[in-house]
Amino acid sequence: MFAGSLWGMHDHNLYLGGAKMGMHGRVLSDTLLFTTEEGLSLAFSFLPHGTLFYRLVGWLYGLMGLPSNLLFMVVGLPLSIVAFGAYYALFSEVLRSEAERRLGLLMLFTFPGLIWMEKLYQNVPNIESWLPPRLLYTELWGIGNMNPITHNAHVPHFVVASIAMAFGMLTLAQSVRARQPNHFRLAGFGFLVAWLLPSLGILWVAVFVAFLVYAICYWKYPIGQGVRTLLTLIPAACMVALPVVVSRGDHVWAEYVRLAVAVTGTVDPITWFMHLGVLGVLGLWGAIKTLRGSRPDEAGRVLMAVWLLMTFLLSFLFRVGSPRLMDGLYLPAIALSVPLIINPGISRHRYNIFRFAVALALLPGTVVTYIYPWAGRFHVAGVDHRLSLQDADLWPVVLSEDEDAALGILESEAKADDIVIAGPVLASFVPGFTGRRVYLGHIVATLRFWDKLAVVKQLEEQPTLLGLANARSV
């Protein structure tokens, strides 16, 4: 049986657990499937990892009667098509010619960065002694979700946030250009971005404010209208602030937020350029040219410049968790690079060399990033030598018949408040495929994960299990 995903399976199983609760009609339940602690604040039930979003998606998905393992394909792929339309609409506002728009859409499927080189120098002996982990093991294989098509098709809440971000940016550019702001759409898109990805909501607020200040200073955008437009940020700002406010009165939630942010890694200027590669260079060049002299009818391009420069400036903060601020970064990078690729303002001979160099820079990352993960996952599926899902180092693409049957028995026979104890890999599949709780599950969603993992490893020597003193059924 297909395991539900080809990569990012650990996180996908977490999201699938929320969807399974929705499929069982438990949308507003305060039960947590990945941890056993009781008496936690409601923040744990509805705020993290798009929990409420996935419960709602699961409820709708359950009406179709389809199996859990197809959810990411059935939901994610249609959403990616909607996203494609959103990006085209944004490019139509920003890019002048049809040739620019076509090239922009084509470049949505490229991976221009240099992250692919990591797979080469990871094999150098003693490489860890002179290269820091942030450059040796950059998060998520080039931060796949920064590419708005290929990865997001498999992570629905990322792609919906990306759609909202694209439409929000489009609405903001049109509002300033026409001097007729659509307050309802701006507030709605901003809320959706910040609800699904609060860190991306921070970027939305920062770019929004900076762009309006630019419009007021350089285009004489009416100050009163600008203030009223800024008020549309209130819903997004509330969603951004909510986790912080909750953490002030709940030390458990505060620790959870700290771990959840830390596990996403960091982005600094070096890794920023590694992710964007040639588009980073061209994008900054385009941003500077745009901001040097622009007109109100070029509001869309100026907004892209502000978006890209804001992420670049944030990278200098070297803050933990900053990759989540970079989601969808390819959109402004592409929008600012494409005009330079089509018309760099150089002689024809140099243009041919320039175009060849850009294509050569895009090719390795695109080819390797598409082939390497797929080839690796299918190799694991075809040369499956594991004895069981207890192996924490192997995430299977396909579950065996016995594993499928075991999960089916758990779903049909175990009670809703029963707790399943298993190794870290098998337990990760249990909530999404059965809707049952696990003692040890997702590395972040399971509170005190490492303590519980140590206990499970020494299960035969432990008279009791940490955090299960009052459990009725295990």
Side-chain angles (χ1 to χ4, degrees), residues 15 18 46-54 56-57 75-76 79-80 82-91 93-94 143-149 151-153 155-176 181-212 229-245 257 260-261 264 267 300 303-304 306-311 314 319 321-333 335:
Y15 308 143
F46 301 109
L47 287 183
H49 309 294
T51 302
L52 182 57
F53 169 81
Y54 280 105
L56 292 170
V57 167
V75 175
L79 280 176
S80 72
V82 176
F84 196 83
Y87 308 144
Y88 181 77
L90 180 62
F91 286 164
E93 174 69 22
V94 175
I143 302 192
N145 47 36
M146 291 171 71
N147 180 295
I149 289 290
H151 179 83
N152 281 355
V155 188
H157 78 293
F158 280 6
V159 73
V160 172
S162 182
I163 292 170
M165 192 75 165
F167 277 130
M169 292 293 183
L170 172 62
T171 303
L172 180 57
Q174 291 173 338
S175 296
V176 171
N182 189 320
H183 298 120
F184 178 77
R185 291 186 64 185
L186 289 172
F189 288 132
F191 172 82
L192 197 56
V193 170
W195 172 48
L196 294 172
L197 289 175
S199 52
L200 191 59
I202 295 174
L203 182 65
W204 164 258
V205 172
V207 172
F208 194 114
V209 172
F211 177 64
L212 273 185
T229 304
L230 282 174
L231 292 177
T232 65
L233 288 174
I234 291 176
C238 289
M239 291 308 301
V240 167
L242 188 57
V244 178
V245 173
V257 170
V261 170
T264 63
V267 168
L303 180 56
M304 295 298 99
V306 173
W307 185 355
L308 187 71
L309 288 174
M310 187 64 71
T311 63
L314 288 172
R319 297 291 185 182
S322 54
R324 294 286 71 80
L325 296 169
M326 306 294 169
D327 289 327
L329 177 57
Y330 285 151
L331 290 173

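These values consider heavy atoms only, across backbone and side chains, with no hydrogens, waters or symmetry-generated copies.
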Approximate separation, where rounding is to 0.5 Å, of [X] [atom1] and [Y] [atom2]:
{"X": "Met310", "Y": "Phe211", "atom1": "CE", "atom2": "CZ", "answer": "12.0 Å"}
{"X": "Leu242", "Y": "Leu47", "atom1": "CG", "atom2": "CG", "answer": "5.0 Å"}
{"X": "Leu308", "Y": "Met326", "atom1": "CG", "atom2": "CE", "answer": "10.0 Å"}
{"X": "Phe91", "Y": "Leu331", "atom1": "CZ", "atom2": "CG", "answer": "5.5 Å"}
{"X": "Leu314", "Y": "Ile202", "atom1": "CG", "atom2": "CD1", "answer": "9.0 Å"}
{"X": "Leu200", "Y": "Ser162", "atom1": "CG", "atom2": "OG", "answer": "8.0 Å"}

Requested in this report: May I have the step-by-step check of side chain to side chain contact (heavy atoms under 4.5 Å, CB included) for Val94 and Leu303, ending in yes or no?
Outcome: CA-CA 9 Å; Val94 175; Leu303 180 56; over 6 Å; no

Counting C-beta onward and ignoring hydrogens, is there a side-chain heavy-atom pair between [X] and [Y] closer than 4.5 Å?
{"X": "Val207", "Y": "Leu172", "value": "no"}
{"X": "Phe53", "Y": "Pro156", "value": "yes"}
{"X": "Val159", "Y": "Val155", "value": "no"}
{"X": "Met169", "Y": "Glu93", "value": "no"}

Could you work out, with side-chain contact (heavy atoms from CB on, under 4.5 Å) as the rule, every residue matching [X], not counting sequence neighbours?
{"X": "Pro48", "result": "Thr51, Trp253, Tyr256"}
{"X": "Ala237", "result": "none"}
{"X": "Ala86", "result": "Ile163, Ala166, Phe167"}

Report task. Please identify each residue that fulfils side chain to side chain donor-acceptor pair (under 3.5 Å) with Thr232, with sequence neighbours left out. Result ->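 Residues passing side chain to side chain donor-acceptor pair (under 3.5 Å) with Thr232: none at all.
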
Query raised in the report: What orientation do Tyr54 and His157 show, parallel under 30°, tilted 30 to 60°, or perpendicular over 60°?
Result: perpendicular

Closest heavy-atom contact between [X] and [Y]?
{"X": "Leu197", "Y": "Ala161", "result": "CD1-CB, 3.8 Å"}
{"X": "Val306", "Y": "Ala210", "result": "CG1-CB, 3.8 Å"}
{"X": "Gly328", "Y": "Pro332", "result": "O-CD, 3.5 Å"}

Quick one: side chains of residues 182-194, donor-acceptor pairs under 3.5 Å with protein atoms, not counting sequence neighbours, listed by atom name and distance.
unit_1	atom_1	unit_2	atom_2	d
Asn182	OD1	Phe184	N	3.4
Asn182	OD1	Arg185	N	3.0
Arg185	NH2	Thr171	OG1	3.4

Report task. Determine, step by step, whether Val57 and Tyr15 satisfy the side chain to side chain contact (heavy atoms under 4.5 Å, CB included) criterion, reporting the C-alpha distance in whole Å, the side-chain angles of both residues, the deciding distance to 0.1 Å, and the verdict. Result -> CA-CA 10 Å; Val57 167; Tyr15 308 143; over 6 Å; no

Query - ring-ring contact (aromatic ring centres under 6.0 Å, His included) involving Phe208 - partner list, sequence neighbours excluded - result: Trp204

Report task. Tell me, with the steps shown, if Phe158 and Leu196 meet side chain to side chain contact (heavy atoms under 4.5 Å, CB included). Result -> CA-CA 7 Å; Phe158 280 6; Leu196 294 172; over 6 Å; no

